[in-house]
Every structure is written in C-alpha cells, then in structure tokens.
There are 2 protein chains.
Amino acid sequence: MANRSKTINYDPTSFPPFAVTADLVILTVRPPQLEVLLVRRSTAPFAGDWALPGGFVGPDQDIDDAARTKLADKTGVTINKAHLEQLASFGAPDRDPRMRIVSVAWLALLANPPEPTTGTEAEEAAWIPVNEIDHSALAFDHATILNAGIERAGNRIEYTTLATQFCGAEFTIGELRSVYETLWGTKLDPANFHRKVLASDGFVTETGKSCSTGRGRPARTYKRGPAERLNPPLHR
Amino acid sequence: MANRSKTINYDPTSFPPFAVTADLVILTVRPPQLEVLLVRRSTAPFAGDWALPGGFVGPDQDIDDAARTKLADKTGVTINKAHLEQLASFGAPDRDPRMRIVSVAWLALLANPPEPTTGTEAEEAAWIPVNEIDHSALAFDHATILNAGIERAGNRIEYTTLATQFCGAEFTIGELRSVYETLWGTKLDPANFHRKVLASDGFVTETGKSCSTGRGRPARTYKRGPAERLNPPLHR
DNA sequence: GAAATAGTGTCTTTGAGACAATATATG
DNA sequence: CATATATTGTCTCAAAGACACTATTTC
C-alpha cells in the first residue's frame, strides 16, 4: 500500500494490531433516578470493578451492528424499542493495559428495561443509579465515557423528542416531565411544562385515555408523536 | 484474555487486524463559499479521486494526536490557531477494499488558511468549495463524512462562539455575519444580527479600531471574546 | 449626489416563566 | 374535608424579526 502521509509512513499490517470495541452507555430513567447498566468485571484487568457493557467488534461486523448486538445481548431489547446513537471514540494508547484498543462508545436510551440478563454470561450486571457511582472505581476510562453519555442525553432532550424513549408506549405529561427533571436535575413548573409539550407540534399525540397514578386527578395519557425535533426546544 | 461477551467470543489478537485512521474535514469560509481541504489520491483504490486528508494512527499515538498532526501537516496550522473536535467514527466492514479500517473523523475550523502544503508529499491538495463537489466522486465513504462535518459546523455556531474561528484575529460584525450566512446558506438581517452579537456576552470584544472594506461606512473591528457558549444562541 | 455598508430605534409577535385558579382523584 | 396531582388562565418580561431611519464611506 502506498503511503498516505508523510508523518505516518508505514504499512499498517506490519504493526501490532488495533482492536476495536463497542462500549455502551445504556441509560434508563426510574424517577427520581437516572440509572446506567453496568457489568462487574470477572477478570483482569480491573477484575471486580464495574464497567460499561461492551465487546469487540468482529472482523466482518459493522460497528453499529456490534453496538446493536451488545445492546440486545445485555438488555433483551431490540433496536426498534430503544434509541441508539454513536457517542464518540476513545483511543488513548494506554487506555487498556492489554493491547491497543480503540473504543467506539454508544448511547442507548431505554424505557422500563427488564432486569439484566446475566443468564448466559458469567458477569454480574445491574442497573446502577448514576449518582451512587464512584467514578474513580470504574474500569478503564469508562468514567469519562459515562459522563459523555449523560451529558449527551441531557442535551439531546432539549432539541429532540428523545425524552419519550424513556417512557413506556403510553405515558402522562407528568411522567414525561419527571424524565426531564431526572436528566436535568432540576424541578420544572408543571403548568408551563404541560403547555409547552402540547404546543410542540408532533411531540405527543393523545390516546383519549386516562390513568390514575395513585393520588391526585387522573392524567390523560399520550403516546410518542411523529416529530423527531422539538419546535420550539425546551430549556432547562 | 477472558471473553467479554457471549456473542463476540474470541481472542482479538487472533483475527486480521483493524487499522484506525484519522480523517479530517477541514473547513474554511471564503465568503460566499464554504471550502474544504481535499487531497487527490495518487494510488489505488480510488486513484485520481478526491478524498479527505487523513492517515493511519500510529501504534503508540493517541487518536487526537494523529488528528492534530495531520492537520498541521496539511495546513501548516498549529492547533492553537484552529478548532479541532472529534466528529464521529465510521466503520462499515467494506468501507476500504484493502483491509478493515475504522476511521475516526475530525472536524477542523480554520481562518485564512495558507495554500495547502503539497511540498513534501506527492499528493495534490486543494481548497474546494463544497457546493462544487460531486459527492459521488469522493473516495471511500468520504461524502458521508464530509456531510456530517458540514452539518456539525452549522449546528455548532448556533450555540457556541466557534464562528469566530473562521475569522481572522480582528474582524467586523459584517465579516462574522457572512460566516453565518455561508454556513447556513441564508441571508440574515444585518441590523438584528449586529445587535444580537453585541448583546451576547463575551462573544466579541471591541478593538477600538475601524477598517474600511472598500465601499460603505468603515466598520468597527472586534476580536474573539472570552465566551465559548453563546447566550442566548443565534437562530437560522 | 447615488450606492453601499454600518449601525440605531422602534414596533410587533412569540415564547418563557411566575403564579393564581380550577378540576378531579385518594384517604 | 385535606391533600395531591392535572390542567387552564393570565400576566409580565425577554428575545426574535420586520423595517424605518441615520451615519459614513467610495465612486
């Protein structure tokens, strides 16, 4: 192969190989907590530490397919029921002590996830509230990746309708509001939030039904609307 | 190494290696045109086609360092004079016919760049107006990457002060406006734009000087302010 | 003076946010 | 009834955009 650069001038097949992994920040909202799916590592390095679920990308596997597969593998949730987007790649030379590994990180947003399926694997997996996580105890550079995922999720719901991905098929405006409050760590005015959501074209559509949530007046329920972008956006 | 997944269950050192490249979308604004730095490939595959500048990440090289190095190599511009951020990674198995290559793409924003330094390389390099590019003629999946870069740049300048990266050290409000108009492909009201920029705290700071731009009343000049985020944001 | 660009003033509309008021459930 | 949540109404303030107007240059 010809050189493509003066500064990096070699045959890439001649040096120790890179491996590429797909690592996932899988978030769910259980008000008032934001939770992330973590696995406990059973082997070195970082044996016993919590880590993001992830795995190597196969030789003939598309990188998004690796992410989708891992998501289904860990949560039993197929891609049509969740949101999955690429987050960023992390590739410091020493981020994994075993070999050179570049991690392509993904962000997944999920509603009402089942308990993690540890069945076929030796690893322990669990939903952990993000504010209970000791970031310095996460394996590799996963604390950095987790932070990037949480920040991205908070930003996304400002301009897109993705907050509904954290709700079931039918939900109340109050439930949707608690998603925002959880991700943003703020309290929002119920009255103003209500009006803004209904005014945002295509954000939610009425089901015609109501549901009692325990105390208080029963709320009307809604389902996801056709819009993907929020117009106008919501502000923290 | 232990298995980290049921679905992907092998020793990554045992399969044909991945290579990782850093590919750059280097943009500059020469009103009324947005231009990108492309190199003409001299070898197969895609010999003779235009491609994004890029190169392999070295075995012990941080992925951002590979991007910084390539940027300096191609433009002679050091990182302090430009903005560089990670865009996304592209890793379809067949995106490069030679071998498995995952590309980490980066976005660079530059003002008044020198002509590309083709000196030490055999490759032809040139600034090409993006609306003159035949996307189907770009090598690999670089059309996709280029589009992602242009879209990202347009979004970034809504919420951040990065538009000033396309201006020289001192610039007029009109020059700044033409950056927005070029990236967004719209015309903005000069009066409202002027007021909004000056009202946005820390966006620009006065130099006290003026400059004549040919015809019309000479404009005051400004330099970049301390702010990184735009408050309130600008809208298209 | 005509044309061009810079910069200011002002009015209208829209959305954000505070908060009062009403509606309907549970205990 | 007290309390809690849902939903509607209303008022105020800030920002967006339209656009008239003034300022200062070149030709």
Side-chain angles (χ1 to χ4, degrees), chain A residues 31-32 157-159 161 163 167 170-182 184-223 227 229-236, chain B residues 31-32 157-159 161 163 167 170-182 184-223 227 229-236:
Chain A
I157 62 173
E158 288 191 44
Y159 308 108
T161 58
C167 298
E170 299 193 355
F171 52 88
T172 68
I173 303 291
E175 285 165 2
L176 184 61
R177 175 165 45 86
S178 71
V179 168
Y180 278 89
E181 291 176 335
T182 301
W184 288 350
T186 57
K187 281 292 172 191
L188 300 173
D189 183 299
N192 292 335
F193 183 84
H194 195 271
R195 229 176 314 98
K196 278 156 75 169
V197 167
L198 295 187
S200 212
D201 211 45
F203 194 1
V204 299
T205 58
E206 267 185 279
T207 63
K209 289 179 272 183
S210 291
C211 85
S212 173
T213 58
R215 60 179 117 280
R217 169 175 168 179
R220 298 175 194 155
T221 63
Y222 297 83
K223 54 188 182 197
R229 300 199 59 87
L230 232 42
N231 211 292
L234 287 164
H235 294 120
R236 305 186 193 217
Chain B
I157 62 173
E158 288 191 43
Y159 309 109
T161 57
C167 298
E170 300 192 354
F171 51 87
T172 68
I173 304 292
E175 283 164 3
L176 185 61
R177 175 164 47 85
S178 71
V179 168
Y180 278 89
E181 291 177 334
T182 300
W184 288 350
T186 57
K187 281 292 172 192
L188 299 173
D189 183 299
N192 292 335
F193 183 84
H194 193 160
R195 229 177 314 98
K196 277 155 77 168
V197 168
L198 295 187
S200 212
D201 212 44
F203 192 1
V204 298
T205 59
E206 267 185 280
T207 64
K209 289 179 269 183
S210 291
C211 86
S212 174
T213 58
R215 61 178 117 282
R217 170 175 168 178
R220 298 175 193 154
T221 63
Y222 297 83
K223 53 188 182 196
R229 299 198 59 86
L230 232 41
N231 211 293
L234 288 164
H235 294 119
R236 305 184 194 218

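The chains referred to below are lettered A, B, ... by the order of the sequence lines, with proteins before strands, and numbering in each begins at 1. If you're wondering where the values come from, they're calculated on a predicted model, not measured in any experiment.
Taking 4.5 Å as the limit, every side-chain heavy atom of A/Val197 sits out of range of all side-chain heavy atoms of A/Tyr180. The closest side-chain heavy-atom distance from B/Phe203 to B/Lys196 is not below 4.5 Å. Between A/Val179 and A/Glu175 there is no side-chain heavy-atom pair separated by less than 4.5 Å.
Per the geometry, CG belonging to A/Asp189 stands 12 Å off P belonging to C/dA16, to the nearest Å. As a whole-Å value, the separation of A/Glu158 CD from C/dA16 C1' is 14 Å. B/Leu188 has its CG atom 15 Å from the P atom of C/dT5, to the nearest Å. Atoms CG (A/Leu176) and P (D/dT5) sit 17 Å apart, rounded to a whole Å. Spacing between atom CZ of A/Phe193 and atom P of D/dT8 amounts to 15 Å, rounded to whole angstrom units. Whole-Å rounding puts the A/Arg220 CZ to C/dA23 P distance at 13 Å.
Atom CG of A/Asp201 has 12 or fewer heavy atoms from other residues, nucleotides or ligands within 6.0 Å. Applying the 6.0 Å contact sphere to CZ of B/Arg215 captures no more than 12 heavy atoms from other residues, nucleotides or ligands.
Nearest heavy atoms, B/Trp184 versus B/Glu158: CZ2-CG, 3.3 Å. When all heavy atoms are compared, the tightest approach of A/Ser178 to A/Pro31 is OG-CG, 3.4 Å.
Side-chain N/O atoms of B/His194 include none lying less than 4.0 angstrom from OP1 or OP2 on C/dA6.
A salt bridge links A/Lys187 to A/Glu181: one of the charged nitrogens lies within less than 4.0 Å of a carboxylate oxygen.
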(message) I need a per-nucleotide contact map over nucleotides 9-15 of chain C, read 5' to 3'. Cutoff is protein heavy atoms under 4.0 Å; write B for the base, S for backbone only, - otherwise.
(response) BB-----

Between the protein and nucleotides 24-27 of chain D, which nitrogen or oxygen pairs come in under 3.5 angstrom?
{"residue": "D/dT24", "atom": "O2", "partner": "B/Arg217", "partner atom": "N", "Å": "3.3"}
{"residue": "D/dT25", "atom": "O2", "partner": "B/Gly216", "partner atom": "N", "Å": "3.4"}

